[in-house]
Amino acid sequence: MSRMALGDLHKLVWTALLAAMIAAGAYLIVPIGPVPVSMQVLFITLAGLVLGPRRGMACFLLYLAVGAAGLPVFAGGASGVGVLMGPTAGYLYGFVVMIGIVGLATGGRSRMVSFVRGFLFGVLGLGAAYLGGVGWLMYSLEMSLHKAMAVGFYPFILWDLLKIVFATACYRILVRYSILR
Ligand SMILES: O=C(O)CCCC[C@@H]1SC[C@@H]2NC(=O)N[C@@H]21
């Protein structure tokens, strides 16, 4: 097999693996209200860093499509088009942008990035996810900004920042030990 084809196969395997990890991270939830605690932010950050913006966004759009088609990949094992219009849909759309922003940190080139760079891009991406998530909560559940922040932002932000720290550390380990290529 040519070096190019092997590289493509490698990326394909990582794309499938990360999509499965995002689904697993969505499956285990802590239901604390209309928005559950989940591990999606951890694996979405890792997916962005590993896959880069284009492949990362394509991977997540495919994830949304299979979820809409009936595979139980959304929070708590939910599925169907209804989820893409439900209270947490804004986060799901925001994640498309988040993966794209996080992916810019590496360009998907499996290169070492500083911890600060990975973290900053993760935080910028998380901002997009929360913009979508909180904005959609206000619209779909007719909440005030104050209420939407209370159910969709404050309970999660600290833990989500920790998930970004952990994802960045994992990415750096994968690069350091040449696991990505
Ligand atoms: O329905 C879905 O699959 C999306 C769930 C979104 C949960 C959001 S993501 C940001 C915040 N952090 C969490 O742990 N949960 C919420």
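Start at 1 and go down the list; that is how both ligands and their atoms are numbered. Only a predicted model underlies this, so the values are computations on that prediction, with no experimental measurement involved.
Contacts between Met98 and ligand 1 below 4.0 angstrom, taking non-hydrogen atoms only, are absent altogether. Proximity of Phe153 to ligand 1, defined as any heavy-atom pair under 4.0 Å, is not found for any part of the residue. Of the heavy atoms in Tyr130, only side-chain atoms (C-beta onward) come closer than 4.0 Å to ligand 1. Contacts between Phe74 and ligand 1, counted as non-hydrogen atom pairs separated by less than 4.0 Å, involve both the backbone and the side chain. Counting heavy atoms under 4.0 Å from ligand 1, residue Met39 does not touch it at all. Within the 4.0 Å heavy-atom criterion, neither part of Ala26 lies near ligand 1.
At a 3.5 angstrom cut-off on N or O pairs, Phe156 does not count as close to ligand 1. Looking at ligand 1, you won't find any N or O of Tyr91 less than 3.5 Å from one of its N or O atoms.
Within the structure, ligand 1 lacks Trp159 among the residues with a heavy atom less than 4.0 angstrom away. Between Ala129 and ligand 1 there is no heavy-atom distance shorter than 4.0 Å.
Within a 6.0 Å sphere centred on OH of Tyr27, heavy atoms belonging to other residues, nucleotides or ligands number 12 at most. Residue Phe115 places its CZ atom among more than 12 non-hydrogen atoms of other residues, nucleotides or ligands, all under 6.0 Å distant.
Between the side chain of Arg172 and the backbone N or O of Val113 there is at least one donor-acceptor pair closer than 3.5 Å. The backbone N or O of Leu84 sits less than 3.5 Å from a side-chain atom of Tyr93, completing a donor-acceptor pair.
Of the candidates Gly76, Pro36, Ala75, Ala23, the one placing a heavy atom closest to atom 7 (C) of ligand 1 is Pro36.
Between Trp159 and Phe156, the ring center distance fails the sub-6.0 Å criterion.
Shortest non-hydrogen contact noted between Gly77 and Pro72 is O-CB, 3.1 Å.
Looking at Met21 and Leu18, their side chains come closer than 4.5 Å, going by heavy atoms from C-beta outward.
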